[in-house]
Structure formats: C-alpha cells, structure tokens
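Report on the structure given below.
Worth knowing before you read on, the calculation uses all heavy atoms, side chains too, and leaves out hydrogens, waters and symmetry mates.
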Amino acid sequence: RIRRKAFESGDAPAQAVVEAARSDTDLEVRQCAVQRLADLDLLAELAGSDASAAIREAADRRQRTLLAGPQQDGPPLEARLQAIRRAPSPALCAFLAREAEVAEIRSAALAQVQDIGVLCAAAVDDSVAAVRRAALERIEEPHGWEVVARNARNKDKQISRLARERLEAFHKMRSEQETAERLCGSLEHLAAADVTAATRAEFNRLTLQWQSLDCPLPASVQQRFDAASRRVAGAIEGFQALASQRRALCAELEALLARV
C-alpha cells in the first residue's frame, strides 16, 4: 500500500517506476507504476505482450495519453513519432489519427492506418489541410474516393475535387482495360479466320482503336494484342503474295491467248 501511494503521488524515482511496471509482484502496484511510465518503448512492450490483461490495458491507456496529448506535455514530438513508426498497432494508430492533438502525430498515425473508414473521416473532417491531404493519399479504393468526394464537397472543395479526379481516372482506366480486352478478342478472332479482301480494313480499324487508348495496360494484354497483330499481318501478307501470283498467272495466260 505504501509503495502504491508512492507511485500514485508521483514521488517514486523514474527507475523505480520502470522496475515496478515490469516485474512487481503486486498487480495494483504494477498498474500504478504503468500509469506513471513515460517510456514509450516499454509501454508498447507491455501493451502488446504482457501476460496480464489489466497491465496490457493500463499500458495501452497510458500510451494513448502520452502520444495523443498536447505537444508541450509528455514526451518530445520526435520520440512520439519514432514510437509510432517502430511498433504501430492498428487500434492505436486509428485512435491517434482521430484523437491526437498534434497534427504531425495524426499524419504519422495515418501513414500506418489501413481502415478505409478512418482514412475517409480524416480526409473529410481533420482540422488541418495537410492532414486531410495525407489521408487522401492513403486511400486506394474507388469507394473511398467516392465517399470523400461527396462528403468533402461543402467542407474542402480541393480535397473533394482531387478525390473525384482519382475516381474518374480509375473508371477511365477500367473502361479502357475492358476495351483493350475486347480489342484483343476481336483481333484474335480475325487472326483465326480466313483472310478476305475486307481483312486489312478491319485490321486497320482495330489497330486505330488500340492506338487511341492512353491508360497503362497490363503487359499480358499488350502481349496478346501484339501476338494477334503479328498473326493477322502475316496472314494479310501471305494473302497479298498469293493474289500477286494469281495476277501474274492471269497476265501470262492472257498473253498466251493473245498469241493464238
């Protein structure tokens, strides 16, 4: 009880606080010590792997208090940033992205966040423009861009516009990839068919449509189109050579008949 009161009053030396938080045999003493800890690395260790659920919870609460608090209170900013980068937990980073008072802490936490809901909320509602932009940069799903474009429309027109542009670019890319797949199929069908007088015109039409695509395409799709193009071009060349031979034979026959 005396030791617990010493930790509660804040009079215990820092090293004594560390030792008690790590290994004191009295759970209540350990909890009191954890609530006084300023060592972010030790708090992360205890919150993540201590055998006692009570200690894990106490360490997590203390971490949140120190990392999310005002810049003038608690550990220096760089120490907080390093702690977030070294051992981020998804739940802690989501909390800091929403609740940290310092913008740099929110941005650092967002860099570790995967939750699309947290990212969208920060992109729309964070009080600092740079943090809103950082959150948008982390969104890679069209649903997220759609949410931000809609919800930020009356709050941050620039963020709304950027999200809308990304959504439009995504839809354009998907549409062009679907067009590319269709063109590959059409060209492969042309390559498998018998060559006729209309084959070259169809080949030119498909090639022009392909050349009008301006979004990056998967290498496998480009390879499909190139392979089918070579097949069609070779078939047309063979067809034209045969037609030339036929014309030459016809000319020879006409010459022979003219002599009779």
- Using the test side chain to side chain donor-acceptor pair (under 3.5 Å), find all partners of Asp115 that sit at least two apart in sequence or belong to another chain. none

For residues 13-23, which side-chain donor-acceptor pairs fall under 3.5 Å, sequence neighbours excluded?
residue: Gln15; atom: NE2; partner: Glu19; partner atom: OE2; Å: 3.4
residue: Arg22; atom: NH1; partner: Glu45; partner atom: OE2; Å: 3.4
residue: Ser23; atom: OG; partner: Glu19; partner atom: O; Å: 3.2

- Note on the structure: Note: Leu77 and Val102 closest approach over all heavy atoms is CD1-CG1, 4.1 Å

- Query: Does one hydrophobic cluster hold both Val113 and Leu92, with members joined at side-chain heavy-atom distances below 4.5 Å?
  - Reply: no

Atom pairs and distances, side-chain donor-acceptor, residues 173-180, under 3.5 Å, sequence neighbours left out:
residue: Glu176; atom: OE1; partner: Asp214; partner atom: N; Å: 3.0
residue: Glu176; atom: OE1; partner: Cys215; partner atom: N; Å: 3.0
residue: Thr179; atom: OG1; partner: Ser175; partner atom: O; Å: 3.0

- Task: Could you list the residues that satisfy side-chain contact (heavy atoms from CB on, under 4.5 Å) with Glu141, not counting sequence neighbours?
- Result: Ile116

- Validation row: Gln223, Leu217 side chains within 4.5 angstrom (heavy atoms): no

- Would you say the side-chain atoms of Arg80 pair up with the backbone N or O of Gly69, donor to acceptor, closer than 3.5 Å? yes

- Item | Pairwise side-chain hydrogen bond (donor to acceptor under 3.5 Å, both in side chains) hits with a residue in residues 120-136, at least two apart | Arg106-Asp126, Asp125-Lys155, Arg132-Asp156, Arg133-Glu137

- Message: Can you tell me if Gln240 has over 12 outside heavy atoms packed within less than 6.0 Å of its CD?
- Response: yes

- Message: Suppose we screen for side-chain contact (heavy atoms from CB on, under 4.5 Å). Which residues come up paired with Ala38, at least two apart in sequence or across chains?
- Response: none

- Task: Apply side-chain contact (heavy atoms from CB on, under 4.5 Å) to Arg164 and list each qualifying residue two or more places apart in sequence or on a separate chain.
- Result: Ala149, Ser160, Arg161, Glu168

- Heavy atoms only: give me the nearest Trp145-Leu136 pair and the separation to one decimal. CD1-CD1, 4.1 Å

- Query: With side chains defined as the heavy atoms from C-beta onward, is the minimum distance between Arg98 and Val118 less than 4.5 Å?
  - Reply: yes

- Message: Taking salt bridge (charged side-chain N to carboxylate O under 4.0 Å, His left out) as the definition, give me every residue that meets it alongside Asp39, ordered by chain and number, with sequence neighbours left out.
- Response: none

- Query: For residues 185-194, which residue pairs qualify under side-chain hydrogen bond (donor to acceptor under 3.5 Å, both in side chains), counting only residues two or more places apart or in two chains?
  - Reply: Glu188-Arg224

- Indicate the atoms forming the closest heavy-atom contact of Val195 with Ala235, along with that distance. CG2-CB, 3.4 Å

- Item | Any side-chain heavy-atom pair of Ser52 and Leu27 under 4.5 Å | yes

- Please collect all salt bridge (charged side-chain N to carboxylate O under 4.0 Å, His left out) contacts where either partner lies in residues 197-211, sequence neighbours excluded, each pair once. Glu202-Arg205

- Is it the case that more than 12 heavy atoms not belonging to His171 sit under 6.0 Å from its NE2 atom? yes

- Task: Could you pull out the closest heavy-atom pair between Ala83 and Leu67, with the gap in Å?
- Result: CB-CD2, 4.4 Å

- Query: Sub-3.5 Å donor-acceptor pair from the side chain of Arg56 to the main-chain atoms of Gly48, do we have one?
  - Reply: no

- Message: Can you give me the closest heavy-atom contact between Pro142 and Leu167, atom names plus distance?
- Response: O-CD1, 3.5 Å

- Hey, is the main chain of Phe225 close enough, under 3.5 Å, to the side chain of Trp210 for a donor-acceptor pair? no

- Output all residues satisfying side-chain contact (heavy atoms from CB on, under 4.5 Å) with Ala191, sequence neighbours left out; order by chain, then residue number. Arg231, Val232

- Query: Hey, are the side chains of Val148 and Arg166 touching, using non-hydrogen atoms and a 4.5 Å cut-off?
  - Reply: no

- Message: Checking Asp60 now: which residues fulfil side chain to side chain donor-acceptor pair (under 3.5 Å) with it, not counting sequence neighbours?
- Response: Arg64

